[in-house]
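These numbers come from the heavy atoms of this one structure, side chains and all, not from hydrogens, waters or symmetry mates.
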Amino acid sequence: MRYLTRRLGFYLVAFWVSVTLNFMLPRFMPGDPVSRMMARSTNQLSSDQIVQLQRLFGLDDRPLWQQYVSYLDDMIHGRMGVSISRFPTPVVEVIGSQIGWTLLLGGTSLVIAALVGNLLGIVAAWRRGGWIDSFLPPVLIFVGSFPYFWLAMGALWVFGLSLGWFPIRHAFDDGLQPGLSPEFLGSVATHLFLPALTIVLVSIGGWMLGMRNTMIATNSEDYITMAQAKGLRPSRIIFRYAARNAMLPAVTSFGMSLGFVVGGALLTETVFAYPGVGYQLLAAVQGLDYPLMQGLFLIITSAVLVANFLVDIVYVRLDPRVRVS
Amino acid sequence: MSGSVLEVRDLVVTYTGDVRTTTAVDHVSFSIGEREIFGLAGESGCGKSTIANAVMRLLTYPARIDAGSISFGGQDVLGLSAAELRRFRWSQVAMVFQSAMNSLNPVLTIGEQMGDIFTEHTGCTRRSARAQAGELLDLVQIDRSRLRSYPHQLSGGMRQRVVIAMAVALRPRLLILDEPTTALDVVVQQEIMAQIAQLQAELGFSVLFITHDMSLMVELSDQMAVMYAGRFVEQGPSAALMHHPVHPYTRALMNAFPPLTGPRVPLAGLAEGVRFRDIGDLAEVAPGRWAAPLSDADRVRFEKEMSA
Amino acid sequence: MTTAPTIDGLRAETGEDAVPAVTRPAVRRPNRSFVHGLLTNRKATFGAGVVLLFIALALLAPVLAPGDPMRITGAIGEEPSAAHWLGTTAKGQDVLALTLHGARSSLFVGFTVGILATVLGVGVGLASAFFGKVVDEVLSLVTNVFLLVPSLPLLVILAAFLPPGLTTVILVLVLTGWAGSARVLRSQALSIKAKDFVAAAQVSGERPWRIMVAEILPNMASIVMGTLLGCVIGAIGAQAGLEFLGLGDISRVSWGTNLYWAGNEGALMTGAWWVFVPSGFAIAAVAFALAMINYAVDEVTNPRLRKVKHAGRTGRREEGRA
Amino acid sequence: MNAVLSVEGVSKTFRGGSLFRRTSVAALTDVDLELGAGEIVALVGESGSGKSTLARCIARLERPDAGRILLEGTPTDRVAGGARGYRSRVQMVFQDPFGSLNPVHRTEHFLRRPLEIHHVTRGEQETAAMLEELMLTVGLEPDMLHSYPHELSGGQRQRVAIARALAVRPQVILADEPTSMLDVSVRIGVLNLMRRLRDEQGISMLYITHDLASARYLADRTAVMFAGEIVESGESLALLAQPAHPYTELLVSAVPDPERAGTFDPDARAALRRRVLAAESCPFEGGDEACSATEPVRHQVGDPADRHWARCHLYRPRATSGANALTAGGTDAAAAGGVLGADRDGVAA
Amino acid sequence: SGTATTSASTPAADNATALLTIPREDMGTFTRNFNPFSPNAAPMTTQAIHESMLIYNPAAGNTVPWLATEWAASDDNRTLTFTLRDGVQWSDGEPLVADDVAYTFELQKEIMGGFEYLDSVTASDAHTVVFTFSRDYSPALYEIGQMPIVPKHVWEAIEDPAKATNETPVGTGPYTEITNFAAQSFTLGKNPHYWQPDAQHIEGIKMLAFAGNDGANLAAANGDVDWAPQYIPNIERTFISRDPEHRHYWFPPTGSMINFMVNTTKAPFNDVNVRKALSMAIDREQIVSVGMSGYTEPADCTGLSGSYETWKDASLQDSCDWIERDVDAANALLDEAGYPKGADGQRTLPDGSPFTFDFSVGSTSSDWVSVANVISQNLADVGITMTVDAPDWSAVVAGYETGDFDSGIVWSSNDPTPYQYYLNLMSPTKVKPVGEQTHDNYGRFGSADAQALLDQFAATQDEETQHEIVDDLQALYGQELPTIPLFPGPEWGAYNDSRFVGWPTADDPYATLGTRAPTTVLVLTTLEPR
Ligand SMILES: Nc1ncnc2c1ncn2[C@@H]1O[C@H](COP(=O)(O)OP(=O)(O)OP(=O)(O)O)[C@@H](O)[C@H]1O
Ligand SMILES: Nc1ncnc2c1ncn2[C@@H]1O[C@H](COP(=O)(O)OP(=O)(O)OP(=O)(O)O)[C@@H](O)[C@H]1O
Ligand SMILES: [Mg+2]
Ligand SMILES: [Mg+2]
């Protein structure tokens, strides 16, 4: 428990640092959201309209420290304000409408990549020199070497456009009413396939190699030899003895990745026109939409911290040794 | 000695490396009788653990058994199929590893690890496996509540006792002890050895006891062999070896342990960098006493040394 | 074979071949064999070959494709031909020239970021491990915070807010990339610091900085190399990603901007694969080559990871029988 | 004999953890120890009893919390030349020859660096000669100067480590279990080397070990350490012949002895162990008046010439009470004793 | 995939119920905000839902009466009276009344400001609205006329109209009913009370969200959308060639004029000869073909875009010497003006410093970055070094606004009359000193002559007089060259008529093909299922 309290303390500090960073960054940028908006659209606004807009958006001209104090206050109370680039929609609503898709896409691909990757890693380590061990790693490394967006665009082009096997945009068929109907769920699944597949393809190699290497290290541990000597079944040795231990580093990276899922898959969202917070953040940054940017950053940071904290808790369950240290 | 439990004949084990291939065990033969404690001594890396692993058939790449036979109670160990091997292990031969500290899985409780043996070999329920594991702990005088402990919560001595308890779980006919106490304190070491002696008296298994501590070995074992660079250099009853070592290496070993009583006498041990080469096959020098003849070059050197 | 003086009664026989044939398997190999191991590793030589080839191409780009690569030298969207080996873009620029010149920026950014991030990581890791206490607490905190700060969003924010250009890209990538290596290097340095040879050097009277540089650092060679390669791969990919999103400096030529323009000009939709493929492949080739070297580094330092020659069908524990 | 090195009332507690969690291990409590010129003192005790910590304090690798360490009467931190000056006079040899030689350097580096740092030699020629001499002193071939540690055997490595310590011509060498990682057959050679160095160069040594037999073989005096305290000390032969403190007795009885093959009595050993541990865990409940004092006192044992003393609440002169006629302090269950003992020896594990 | 998949063989019945599918390339997601006063309202808010009194069609240069049937200015030019159409109903069944119009302007001034020249807006009866002006301002007709009108009875009840999201809008437009709303698409259904029910040929409109051109283009190429109002690279190949029979595009040059803008407060750009020389040095043909994929045409001497076709002085159009690329002339002019070329081919300013300057452009505008690169290459030919600096737009705009820049690229105003265009380009009233923020005249060129002409323009309603004034302004522009015109921005527009027919074309320019323009509603009410 002490261990966890300590971690918690660390996370609080980390949280503070990130939100402060998040506060500082946009404020050092030249320009303001309104001229930003102007630069991007051909709609001409007259000068007084611009001033009016600035007033409307509630752009702050108080001293920085006062802004900082009220920023922290808002942050603690979960008040995220109103988005500027989507004025007058509240930030919570903007994020709320996207985050589900982000979690779906990121979560699915992470879980699949981690699961399959780790399983492959286990198999490769167990059957050293087998075809999975000698053939897959270089292939996966090679696939993973391509720039992600490049692969994604290629996949979209080939499977979406040329072959027409998969939808080429969005999270479900346009016009469907979200709900639990099989039609909607099926549509969600088919739309998810290609984006998730590309993410899985580029990330699976890392999981596999990581697991393989720790498994190989674990396999030479004495307790594996002992388990072998005990005459245990291979499956039991692999999973109960070797994988249980080799899993520990993977759990940590899984936790990290899980947190980062909330950050969205910006490139995927862009290429597949998939909804999600990644694009939202980019748009917020480009539109100088501080409230939205800060809201997103807050959510992402919190998610990362919470995910890490969860991993700490899981870790304590999985590895009895950290309970004392 | 009534009939032998383990018969090892002309065993050759090699390790294939990147640049060279090491013969870790080179034409080694020995047998262990019922209820016998057979000691195996020798310097680090001479191949002791390799023999033990060969008997358990635990050798993996890059190790290869190149020649020889191992028969256990008349059964050809090297010919066992995977399934037979699983049944053979632990129920016939069990082993306490060199680093018992590390031979327990850190993320499973002692109870789970002990229980695994029963569920695997006797197919009993987890519940009864747990009960049997409890009995085993009684045997080595550890509180049953420790079944729920993880290895790191136990001291080195306790872990070692747990491993010993596990080793005798299925009442094997042969117990291999690979330096079971080197990592432990003298005091604990003594207790562990006492424990083993006691269990052997109760359960009547044979022991292959590996160590490089000659004092300990002579104190415990009936027969012993001294190994050097993959070869046996001397073999015979422990006391005889102790008092009348034949091979210079045995002599050096025996000479390496200062006594706790009597006057301080200078000891020599084995000089740094001294190597024996071309060790011949064992020859019977007296009834039940075997020793490897020195090669001519070695003899010349050592005799000169001794006379100097 | 030479004869050494008598020591403690027995005459020793020494010399190279007198070194015991049997030594503990767990002995750490020194650097020399690390380098040797790499040189003889097929993956490493392949990787190094490819990387060197690209570096050579990058350096020679002004010679191989003289002039401004952005210049319009051909017709619009020409297929590969003798005049334009890799065809032309939708603007009529020579794709080969763009790809060659693109290597300069991409490799420069990749290696600069890799080196800077690794140097920072090594510095922080070593300082943290060596000075311990408050220094360690503070540095670890900073490191961990940087690890937790979501890097892609930060990358996006920073890239958008700083004036574009290589410096910004490098700065941003270093800023978001050093922490991972610092953590790895710190734990490595900590474990090395706990070794007796560090205490022994202290007892010999070595100064702290010398212990760090001459005693600890050389032992981290492989892991430093590993993080370096990892950082380079990450940086090349991240730069391409940033530029693809238009967050880089699109008025400069690099593989990332080439792809950005390819997308922008609808290379895929017009079927102009020759615009889209070369830069993507170049990135993949370099990243793959670097990954292969990294793989080799792992294998060399950890012999267990090396290729197994005789694989058994029956399972991991394999019996060798004559 | 006047002391080269004296340790006076040194205590050391390790505080671990961070802001949120504090742990502390009392590794040394009020330790006194003297090392005479040209004397070899053995420090024995079970794992985790604080032997290495004491050596590291003396080597200034750790800073004691209390007490003083004097080199020829000067506190360590006031020795001329500062830390380097001190280190040119006090050197240390570590337990693990595999760990104490940096695998990336050649033998030459290990010997040359101390020479350079402490300006022992001037000029390349003198240095080269010195390197050779050092190698010969520890019984190694000078061509091994060009070998990497992994090319040497354990014993050879430990000799290099000793040569490194010798390079600065120290007055004191602290040897922390220098032979425990070596092959049995070469251990004795290293011990012999140490003795020779003492005889020929008059170097004082603190020899840390848990092998009583080797302590007896090498050391003039032996000090027994238990749970951070020195509980008994005296001339080696006398001390081992007639251990006064129950813990020493336990240690002695645990040493395997081929001479008593087959006479192993586990029950007697277990009883003894229980007694020691029980007593130690409850130092003020001995039931004896002598023990009501808050400070355990030193009792002199046997012939004063042996400088043999024991410090324990439970010590009683043999003459009056026979062989350690002590009652077990609190527990009688075998299991409990085992657990207790095991937990203690597990500290370092 | 999508329900909008089309092919030539789709039965007519399907087309009748099909939704007109339109992509929106600059919104990755939609938010349900149909507030016409909001700068971020969902697409179609001011096209399909809210209508204005009149519509100016830049493609043909005509004005279409819409909610108003007629309008008239008073003789003193200080009042403007609109007569509303009879029988127009809001989508909730309430009738459109003059009060709605008056209220709309009240709200507009309150929320967004502007219309500072309006003294009052009064509903003199249910169908007549009278606007009175505080000063002469003839362009007001279009500003007022194209204002989307909101229902007073609905908006009155809204507490903070500025922050309202107007989730179920009430409008007079043809498609006002939000039948489905999701973040990446929404559909608009027919207004049950539309005032021209026989113009509601199509069943409804479906908007699709895309985070960038690529996605939208893919959808267009794939035939998933009927209308593609975004930039499509190599449109012949990527779009048309997939179904040449049904796919067409029309890019009339009716957008804003795109100018190579120089900071006229700075040397050497304060020298008109330099501006002219720069203009002569650049190759507009190449700029148009490289930067704009040949989708538009080079600017002419009037500096007016295609939307002012009727205003252009034909005699002037090709008569100037600075519009065609002429490297020799440019060199000569520069030599003469005192910017000598050194031995290295690099020109210097009169003070001896090298003739180099920066060109600031937002990094996200890839087409303009290309333009900049071409300009840079062109200028190198006359010995001028121009460095393209492409940071984020906000940094660029910040520089423009405070006058802290050398040169850049901006679009001009594009209103129904050229008044605003010249006002922002040449009026001294719009010139702010360097360091002070301005939102319109970045180049900071001011001319008293121009101001005088502009004042005259504002004071007259007479079209002929206005044309004469604009002719003079064009001449003045040609002499002073306040900015360097590059090309008129094309209005992107491509369509797929396999499901819907009746699209505006060059032959029938009843509207442009824009989906964000006032004319969009004209298209929506013209299209019919095939
Ligand atoms: N996996 C391996 N690969 C290559 N060589 C090996 C391997 N394992 C052991 N060896 C070599 O085989 C020889 C015998 O090793 P073994 O472990 O049997 O020695 P040992 O007598 O048990 O030594 P110790 O007393 O140190 O345990 C040694 O020379 C060792 O270096
Ligand atoms: N750096 C440290 N931090 C915390 N505790 C420590 C540290 N070093 C030693 N200790 C603790 O101090 C006690 C004494 O350790 P020390 O290493 O001195 O024992 P030792 O007698 O040398 O044991 P061994 O025979 O195993 O070498 C142990 O309980 C150990 O766990
Ligand atoms: Mg072994
Ligand atoms: Mg120690």
message = So which atom in B:Arg264 and which in D:Arg216 form the shortest heavy-atom distance, rounded to 0.1 Å?
response = NE-O, 2.6 Å
Any donor-acceptor pair under 3.5 Å from D:Asp183 side chain to B:Ser44 backbone = yes
request  = Examine distances only and state if a side-chain atom of D:Tyr217 and a backbone atom of B:Leu267 form a donor-acceptor pair shorter than 3.5 Å.
outcome  = yes
ask   = Taking all non-hydrogen atoms of both residues, which atom of D:Ala213 and which atom of B:Pro258 are closest, and how far apart?
value = CB-O, 3.3 Å
task = Kindly give the heavy-atom pair with the smallest separation between D:Val184 and B:Ala256, and that separation in Å.
result = O-CB, 3.4 Å
task = Applying salt bridge (charged side-chain N to carboxylate O under 4.0 Å, His left out), name anything that partners B:Arg148, two or more places apart in sequence or on another chain.
result = none
query = Rounded to the nearest 0.5 Å, how far does CG of B:Leu260 lie from OG of D:Ser214?
reply = 10.0 Å
ask   = B:Val140 versus chain D, heavy atoms under 4.5 Å apart: side chain, backbone, both or neither?
value = neither
